[in-house]
Amino acid sequence: MSAIKKFQVTFDCAEPERLARFWCEVLGYVVPPPPEGFATWDEFTCAQPPEQRDAWFACSDPSGVGPRLYFQRVPEGKAAKNRVHLDVRVGTGLVGEERLAALEAECARLVPLGAVYLRTLYDGEDSCIPMLDIEGNEFCID
């Protein structure tokens with residue numbers, strides 16, 4: 001059996017397009033073109049039966065390297081801590097105050113987008129900043 005090379009990360013959420021667009025801003029991802037036969041996403045949405053409108057949205061890495069992110073509307077709200085979360089890797093290769101400064105700068109960029117700062121974990125060498133996205137899903141700036 002060959003190794004799987006491509007995968008997507010799926011988020012259950014209340015507002016798929018809103019959450020997808022948030023993650024586009026965080027990761028530098030893009031919204032793919034609308035399905036074939038539709039000029040815009042709005043046109044595609046209007047063509048769907050009412051119960052299927054705004055049921056999902058996706059975004060992808062423009063370089064094609066990172067996984068596709070898929071957001072699907074679910075009726076229930078978030079009830080507990082995520083068992084899986086994304087680490088936004090902005091401090092790779094950095095240590096100490098230099099790493100902390102890079103993480104804090106990214107945190108400052110994300111808060112105006114709607115991310116919620118939780119705390120800074122720093123032991124003098126390594127650091128991490130746990131945060132929440134706009135629907136309360138945990139992620140870390142690492």
What donor-acceptor contacts under 3.5 angstrom involve side-chain atoms of residues 100-115, with partners at least two apart or in another chain?
from	atom 1	to	atom 2	distance (Å)
Glu106	OE1	Arg109	NE	3.1
Glu106	OE2	Arg109	NE	3.4
Glu106	OE2	Arg109	NH2	2.8
Arg109	NH1	Glu25	O	3.1
Arg109	NH2	Glu25	O	3.3
Arg109	NH2	Val26	O	2.9

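For the pair Arg99 (side chain) and Ser127 (backbone), a donor-acceptor distance under 3.5 Å is present. Using a distance-only test at 3.5 Å, with no hydrogens or angles considered, no donor-acceptor pair links the side chain of Gln8 to the main chain of Leu69. A donor-acceptor pair under 3.5 Å is absent between the side-chain atoms of Gln72 and the main chain of Ala55, judged by distance alone.
Taking the charged nitrogens against the carboxylate oxygens, Glu17 and Arg53 have no contact shorter than 4.0 Å, which rules out a salt bridge. Between Arg18 and Asp54, no side-chain nitrogen of the basic residue sits less than 4.0 Å from a carboxylate oxygen of the acidic one, so the salt-bridge criterion is not met.
Leu121 is listed as a side-chain neighbour of Pro130, based on a closest heavy-atom distance under 4.5 Å. Looking only at side-chain heavy atoms (C-beta outward), Asp133 and Trp23 come within less than 4.5 Å of each other.
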Test side chain to side chain contact (heavy atoms under 4.5 Å, CB included) on Met131 and Cys140; report intermediate values, then the result. CA-CA 6 Å; Met131 300 186 77; Cys140 291; over 6 Å; no
Could you please spell out the steps behind the side chain to side chain contact (heavy atoms under 4.5 Å, CB included) verdict for Glu135 and Asp12? CA-CA 10 Å; Glu135 286 203 10; Asp12 290 349; over 6 Å; no
Worked check of side chain to side chain contact (heavy atoms under 4.5 Å, CB included) between Arg73 and Phe57: CA-CA 9 Å; Arg73 186 180 62 223; Phe57 211 79; over 6 Å; no
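Taking Ile, Leu, Val, Met, Phe, Trp and Tyr as members and joining any whose side-chain heavy atoms lie under 4.5 Å apart, directly or through other members, Val95 forms no hydrophobic cluster with any other residue. Taking Ile, Leu, Val, Met, Phe, Trp and Tyr as members and joining any whose side-chain heavy atoms lie under 4.5 Å apart, directly or through other members, the hydrophobic cluster of Leu132 also contains Val116, Leu118.
Ring geometry for Trp56 versus Tyr70: interplanar angle under 30°, hence parallel rather than tilted (30 to 60°). Using a 30° and 60° split on the angle between ring planes, Phe11 and Phe71 fall in the parallel class, below 30°.
With 3.5 Å as the limit, one finds no donor-acceptor pair spanning the side chains of Asp42 and Thr40.
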